[in-house]
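Notes follow once the structure below has been shown.
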There are 2 protein chains.
Amino acid sequence: MIQISFEISNEIHHLLLFCAHKLFNKKLAISITNTGKNFLNHISLDCVIFGFHEGELKVLSLFYESLKLHSLPGGFIGVNESLEEAAQVVLKERTGLDAIFLKQFQVFSDFERSKQNPLVEKITKSNTTINSDFFDQRFITVGFYALVEYTKVNPTPDFISDSCKWVSLNEKIDFILDHSKIINKALQSLREQLNSQPIGYNLLPDKFTMSELRVLYETILGKELDRRNFQRKIMSYNILNKLNERRKGGAHKSPFLFEFNLENYEKALNDGLQGGW
Amino acid sequence: MIQISFEISNEIHHLLLFCAHKLFNKKLAISITNTGKNFLNHISLDCVIFGFHEGELKVLSLFYESLKLHSLPGGFIGVNESLEEAAQVVLKERTGLDAIFLKQFQVFSDFERSKQNPLVEKITKSNTTINSDFFDQRFITVGFYALVEYTKVNPTPDFISDSCKWVSLNEKIDFILDHSKIINKALQSLREQLNSQPIGYNLLPDKFTMSELRVLYETILGKELDRRNFQRKIMSYNILNKLNERRKGGAHKSPFLFEFNLENYEKALNDGLQGGW
DNA sequence: ACTTTAAAGTGTCAATACGACACAATGATA
DNA sequence: TATCATTGTGTCGTATTGACACTTTAAAGT
């Protein structure tokens, strides 16, 4: 009997058994100790993490100095995880936050999409326990968008990226692969779901001014809204509590602060805010 | 030199090479002729194919006599296909139709979801060229909904199902795995996208009456709409052409027929029909 | 042949929502 | 203390909505 030891994923284990069966007619016994984390082949996920700061929508991005390229934070699916669990892990690692608002919005599966991933070489060089076979595969990626409170985030790079930082959607940024396309689709989904997902609640701090909420809406929708009509409409939903408190310190008249009335907000989102049929 | 021949997928080929490398230090040359269609492991897709007939929304379902269970038409992703291409293949096979309206709406990835798939035994028994290893895997499935014109569909079972037929959403049907959940989510997406996707156009025949269109909306939304107000609103979008033609044969006053004005319809959908901000 | 019936075509009206805009109050800054 | 941009709070005319009424029509019933 020969004994050989090396790290191997569940999939390879499974297939080894299969191959052994086919090749050697079951006469080979293979015993493998499984160490390390195993991921499903072919499947990845990418997160478009939105934050709102100084009147701009921003996205958390990893940067690779040597490549001069950005990428979205992403990850793989553990063999015992759901996509959502795997995405929460990514978010926790990049932002330090738990229980982030997360929503999958599209799968990107073009055959061409993961050809020539410039990161593969970096990954395999930086960590010898990872075999390049995993990364050389074709990947189908599930796009998630996440909404976080900008100031609570502690941007943290992963082991192959040089930095992790917020980038504005107005900047021209070079992303790897189809990540620019993924961001555009995420923004489009955000827009479409503005009336059915708790978007305001998750992007703003607990207390905020009416102007801050309005600018958020303007940014997501990409158009200006009349200050007075906006306030009238949003107040008519009964989803905000007006506080007896003002934002001090800024120039000019100090505005009142508001908070979401969570109970009413969730009720309203279930029906969809306003309109249509 | 020993030569062995058997069918094998690209993945297994890849991994065989990897295993050979690890186990035998590259001293084993493996030459494999690849035959048959190869699929990506772990990933499947399921289609909720909606049709509209006699005032009811229906879903195309496969039935397994021996199990007394239904399932959604589904399939796997060829190693050179995108998800959308693979879904079109499934739809073509089950309905006979090309260029069907298709939209992915969610990925279902719960770890527990594909445990004990009652079809695995059936599949492997019915076709000896398929190895059960592929089906024994954990599967993540991408949910698509499709919209088709009921009368154009020629429901066709696949090689393991006994029949393929329309089932009403009002019936209580037992589906395998999480397929009931997938259908509910599909319906919910349909509802949410009623104003941004060409749903009326794809579910109705070219010419239809105002009542037929209204009942479709009522069915999708799950509530009654005022006949007169509905007509006023839908006509205000300028997306319908009123034809100089009536539906004869029914009792009572014969209604006018309408058709979609495709140019205006698509323009209107881009902005979203009506409303909100 | 006449009546019945239920669906279809068309319209009214009050209530509400919406878009556009006016004006006074405020509070740091000059 | 004057300035000025921002905030709070409106108003007004118009467009949209919801609720409902009346007439017309084609097949089915007698």
Side-chain angles (χ1 to χ4, degrees), chain A residues 54-56 194-195 200 204-205 207-219 221-259 264 268 271-277, chain B residues 52-56 194-195 200 204-205 207-219 221-259 264 268 271-277:
Chain A
E54 291 178 347
E56 280 192 324
L194 189 56
N195 285 328
L204 291 174
K207 298 175 181 182
F208 50 89
T209 68
M210 188 56 73
S211 280
E212 287 163 355
L213 182 61
R214 177 177 46 81
V215 172
L216 172 60
Y217 271 67
E218 289 177 336
T219 308
L221 295 169
K223 66 177 176 189
E224 294 211 336
L225 301 171
D226 183 273
R227 178 176 71 87
R228 295 147 290 188
N229 295 338
F230 175 82
Q231 178 154 349
R232 179 176 58 194
K233 185 159 180 174
I234 201 103
M235 290 307 286
S236 76
Y237 294 141
N238 272 323
I239 57 175
L240 298 182
N241 296 332
K242 182 174 182 174
L243 301 175
N244 235 333
E245 205 178 330
R246 289 157 179 270
R247 159 94 17 105
K248 302 282 184 186
H252 318 304
K253 188 170 181 175
S254 52
F256 280 103
L257 290 173
F258 294 81
E259 64 181 9
N264 289 354
D271 306 338
L273 284 182
Q274 113 235 279
W277 311 110
Chain B
F52 186 63
H53 189 59
E54 291 177 346
E56 280 192 322
L194 190 55
N195 285 328
L204 291 175
K207 299 175 181 183
F208 50 88
T209 68
M210 188 56 72
S211 280
E212 288 163 355
L213 181 61
R214 176 177 46 81
V215 173
L216 172 60
Y217 272 68
E218 289 177 338
T219 308
L221 296 170
K223 66 176 176 189
E224 294 212 338
L225 301 172
D226 183 272
R227 180 175 68 88
R228 295 147 291 188
N229 295 339
F230 175 82
Q231 178 154 350
R232 180 176 58 194
K233 185 160 179 174
I234 202 102
M235 289 308 285
S236 76
Y237 294 141
N238 271 323
I239 57 174
L240 298 182
N241 297 332
K242 183 174 181 174
L243 301 175
N244 234 333
E245 207 178 329
R246 291 158 180 268
R247 159 93 16 105
K248 300 284 184 184
H252 317 305
K253 187 169 182 175
S254 51
F256 280 102
L257 291 173
F258 294 81
E259 65 181 10
N264 289 354
D271 307 338
L273 285 182
Q274 115 233 277
W277 311 111

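Order of the sequence lines fixes the chain letters, A, B, ..., with proteins taken first and strands second; residue numbering starts at 1 for each chain.
Backbone-only contact: A/Ser211 has heavy atoms under 4.0 Å from sugar-phosphate atoms and none from a base.
B/Tyr217 and B/Ile234 make their closest contact through OH-CD1, 4.1 Å (heavy atoms, listed as atom of the first residue, atom of the second, distance). In plain terms, the two heavy atoms of A/Phe256 and A/Arg246 that are nearest each other are CZ-NH2, 3.1 Å. The shortest non-hydrogen separation linking A/Asn238 to A/Asn264 is O-ND2, 3.0 Å. The shortest heavy-atom contact between B/Gly200 and B/Leu216 is CA-CD2, 3.9 Å. Residues A/Leu225 and A/Phe230 share a closest heavy-atom pair of CD1-CD1, 3.9 Å. Between A/Val215 and A/Gly55, the shortest heavy-atom distance links the atoms CG1-CA, 3.8 Å.
Residues satisfying the salt bridge (Lys or Arg N to Asp or Glu O under 4.0 Å) test with B/Glu218, not counting sequence neighbours, are B/Arg214. Not a single ring-ring contact (aromatic ring centres under 6.0 Å, His included) links A/His252 to another residue, sequence neighbours left out. Applying the salt bridge (Lys or Arg N to Asp or Glu O under 4.0 Å) criterion to B/Glu224, with sequence neighbours excluded, gives no partner residue.
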>> Using side chain to side chain contact (heavy atoms under 4.5 Å, CB included), reason through A/Met235 and A/Leu240 one step at a time and then give a plain yes or no.
In response: CA-CA 7 Å; A/Met235 290 307 286; A/Leu240 298 182; 4.1 Å; yes
>> Evaluate B/Phe258 against B/Met210 for side chain to side chain contact (heavy atoms under 4.5 Å, CB included), listing each step before the verdict.
In response: CA-CA 7 Å; B/Phe258 294 81; B/Met210 188 56 72; 3.7 Å; yes
Review item, nucleotides 1-3 of chain C N/O atoms under 3.5 Å of protein N/O:
none

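When the P atom of C/dA17 is taken as reference, atom CG of A/Asn238 falls 12 Å away, rounded to whole Å. Note: CZ (B/Phe230) to P (C/dA8) measures 13 Å, nearest angstrom. The distance between atom CZ of B/Arg247 and atom C1' of C/dG9, rounded to the nearest whole Å, is 17 Å.
In this structure, B/Lys242 does not reach the C/dA8 phosphate: none of its side-chain N or O atoms is under 4.0 Å from OP1 or OP2.
When DNA chain D is scanned 5' to 3' for any atom under 4.0 Å from a heavy atom of chain A, the first and last hits are D/dA5 to D/dT11.
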>> I'd like to compare against my own output: the B/S/- annotation of nucleotides 20-30 of chain C with a strict under-4.0 Å heavy-atom distance to protein.
In response: BBB--BBBS--
